Number of protein chains: 2
Amino acid sequence: MARDSRPMTLEDVAKRAKVSPATVSRVLNKTGRVKEATRLRVLKVVENSGYQPNIHARTLAHGRSRTLGMIVSNLRNPFFLDIFQSLESDSHKRGYEVVVANTDYEPKQLMTHVGLMRGRRLAGLAIIVSEMEPTLIDKLADSRMPIVFYDVGVAHHHCTNIKTDYAKATRRVVEYLCSLGHRRLAFVGHHTGLEPLHTRQRSFLEAVKERCGELEHATVADADSPAGGQSATRQLFASGFKPTAIVCCNDLMALGVLKAVRERGLSIPEDVSVVGCDNISLAEFAYPPLTTSNDRIGHLISQALMPEGDTSPLWGREIPIEPELIIRDTTGPPPANGR
Amino acid sequence: MARDSRPMTLEDVAKRAKVSPATVSRVLNKTGRVKEATRLRVLKVVENSGYQPNIHARTLAHGRSRTLGMIVSNLRNPFFLDIFQSLESDSHKRGYEVVVANTDYEPKQLMTHVGLMRGRRLAGLAIIVSEMEPTLIDKLADSRMPIVFYDVGVAHHHCTNIKTDYAKATRRVVEYLCSLGHRRLAFVGHHTGLEPLHTRQRSFLEAVKERCGELEHATVADADSPAGGQSATRQLFASGFKPTAIVCCNDLMALGVLKAVRERGLSIPEDVSVVGCDNISLAEFAYPPLTTSNDRIGHLISQALMPEGDTSPLWGREIPIEPELIIRDTTGPPPANGR
DNA sequence: TTGAAAGCGGTACCAA
DNA sequence: TTGGTACCGCTTTCAA
């Protein structure tokens, strides 16, 4: 119960406990030995004065914070959120905090946030975005903090690169659909100008091409949201193309695709099959439960940012992820009559 | 392109620009006048040295940060996420940042996070949780920062209280279902020991009682997730009760309820009606699109935390929210035969 | 075992 | 228009 309106400081505590600030610091940080009696006295004052150390003063003096940063393209997409959640829970266990920032797929925002994160003197930074800026590497070059990139690989000895092999994943999806008998495939993407997302679309096209003209196909794109998936699918139908299967660049958009297909009066998977990507936790609760490929990287990121004593460091490594196809109920054979 | 490994400081910039640190500070903060020529010179050095001010030093010296805090019970629930998103985008527009923390409905975690937030010398704090600790008010008493509470009202002159009138909302839902002809209602909740959630359940029971024994009912509860909704609904069916309508304490759980109802071989809304609460953005993309009641408070919170010059301050006010019933496709008349 | 004091990297007031 | 300087609250030698 502080009497004055200014928050308690370490010095206030020191005075009340009749010791020096240094001693209080030692007690609080368990650094250096302190007589048990003094320790308890200090702790007691801390306890009932409601003292809370100023995190900024602490970080400034110490030179490094217990905060991890995470920059994502779109927090609304549960894919990013799932990662954030694992990172947050892992880091709380080890006394770290996490701050997130959103770029909305804007390279400019990415740069702004990287700057702000640098200003925070973080313990580590995870950059899970699809957009890129060539100057980003320069900006990061002088920071000694651990950095993890996902998808947009950046060659730098400080960075860990986690990369999902989307080419393989997409090929597997296309082959699976073909094996079911599908011959007219569509791809629904978003921000296909951005490299990692472009990769997904290109992989789709390549996989289709491998079947030697056996397949008809189309691609559309819209915003990264269920509404975007819905709108893209409407465009698809409006174009006159009648796919028997739709491959989505992610699960979130697939949710909207499902809706658009139904509003067209078609059923899933009898008339149209749908495949997502990411295996977000909601995918299981879509209707029908969504076929997708998985790729949970949250804990991997924690490990890279907060290496355990005995684990081999993930430093400067490139970590490949092989997504696995998860077949649920949105995929099946195409309708017998060509529709 | 910094040459040494230690990040640039304001003093480094000052040296290179051949001015005093004070001047650099003035330029960067646009405070006090500086000759145009010097200004440009400083800016140039800043530009190509990649200098990024240390946020901690800045906050420490200035006494207050440009960071808002937000504590929520469960970030996985899109209800909280939607709020976070609006708050984040509003605050970036005004040069603020946001840090979030999760409590997982644990009062203990709430207290921990409030402590950490206090240590951050925030510009404002939003506490959007269902759990409560009596000592929380003490802990917050000495902080002069703007605080917004949602749902768990706390009497304090520094706090803005946003409160949704769930009693009214629930009554409206129950009446709506009755008017459709439903006579066997179930309630699916979570953490019903926590006051705000208990309120929702109690409101349901009271609304049912108002119909004078005309209605049969049951209540179940599980975790705040689709899986929790699914599991709760399974329990419900296992108990032998055969509701024609299920009222959920929120949309996220409703997603799982839908799944559980379907796996029972029943259709929605022909056999069972389902109602959610919160109107999360995903509700529209559920199948069928979910009937719910709305309640978007994100921007309200921004306004309370970062009052605009001309807006009347939301200070110390109690702000009541009246949710509105949003009827979509998960509700309809009960089956003609009692099943 | 404890205390004094020098920073950490900024801001802001007072002089010049 | 500028520079000097005293903090902001904490950590960390170095002495005592």
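What you are looking at is a predicted structure, and each value in this text was computed from that prediction instead of being measured.
You can see that DNA chain D meets the heavy atoms of chain B within a 4.0 Å-exclusive cut from D:dT1 to D:dG9, reading 5' to 3'.
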Evaluation steps, side-chain hydrogen bond (donor to acceptor under 3.5 Å, both in side chains), between B:Asp90 and B:His299: CA-CA 8 Å; B:Asp90 287 353; B:His299 295 293; 2.7 Å; yes
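Within 4.0 Å of B:Thr38, counting heavy atoms only, lie sugar-phosphate atoms of the nucleic acid but no base atom.
Heavy-atom neighbours of B:Glu133 CD from other residues, nucleotides or ligands within 6.0 Å: above the threshold of 12.
A donor-acceptor distance shorter than 3.5 angstrom exists from the side chain of A:Asn74 to the backbone of A:Asp224, with no hydrogens or angles considered.
Between A:Leu300 and A:Ile321, the closest side-chain pair of non-hydrogen atoms falls below 4.5 Å. In this structure the side chain of B:Asp12 never reaches within 4.5 angstrom of the side chain of B:Tyr51, judged on heavy atoms. In this structure the side chain of B:Glu97 never reaches within 4.5 angstrom of the side chain of A:Val99, judged on heavy atoms.
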Got a list of protein N/O to nucleotides 7-11 of chain C N/O distances below 3.5 Å?
unit_1 : atom_1 : unit_2  : atom_2 : d
C:dC8  : O2     : A:Ala61 : N      : 3.3
C:dG9  : N2     : B:Ala57 : O      : 3.4
C:dG10 : OP1    : B:Tyr51 : OH     : 2.9
C:dG10 : OP1    : B:Asn54 : N      : 3.2
C:dG10 : OP2    : B:Leu10 : N      : 2.5
C:dG10 : O5'    : B:Tyr51 : OH     : 3.0
C:dT11 : OP1    : B:Asn29 : OD1    : 3.3
C:dT11 : OP1    : B:Asn29 : ND2    : 3.1
C:dT11 : OP1    : B:Arg58 : NE     : 3.1
C:dT11 : OP2    : B:Ser25 : OG     : 2.7
C:dT11 : OP2    : B:Asn29 : ND2    : 3.2

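A distance below 6.0 Å separates the ring centres of A:His113 and B:His92.
Using a 4.0 Å cut-off between charged side-chain N and carboxylate O, A:Arg39 and A:Glu36 make a salt bridge.
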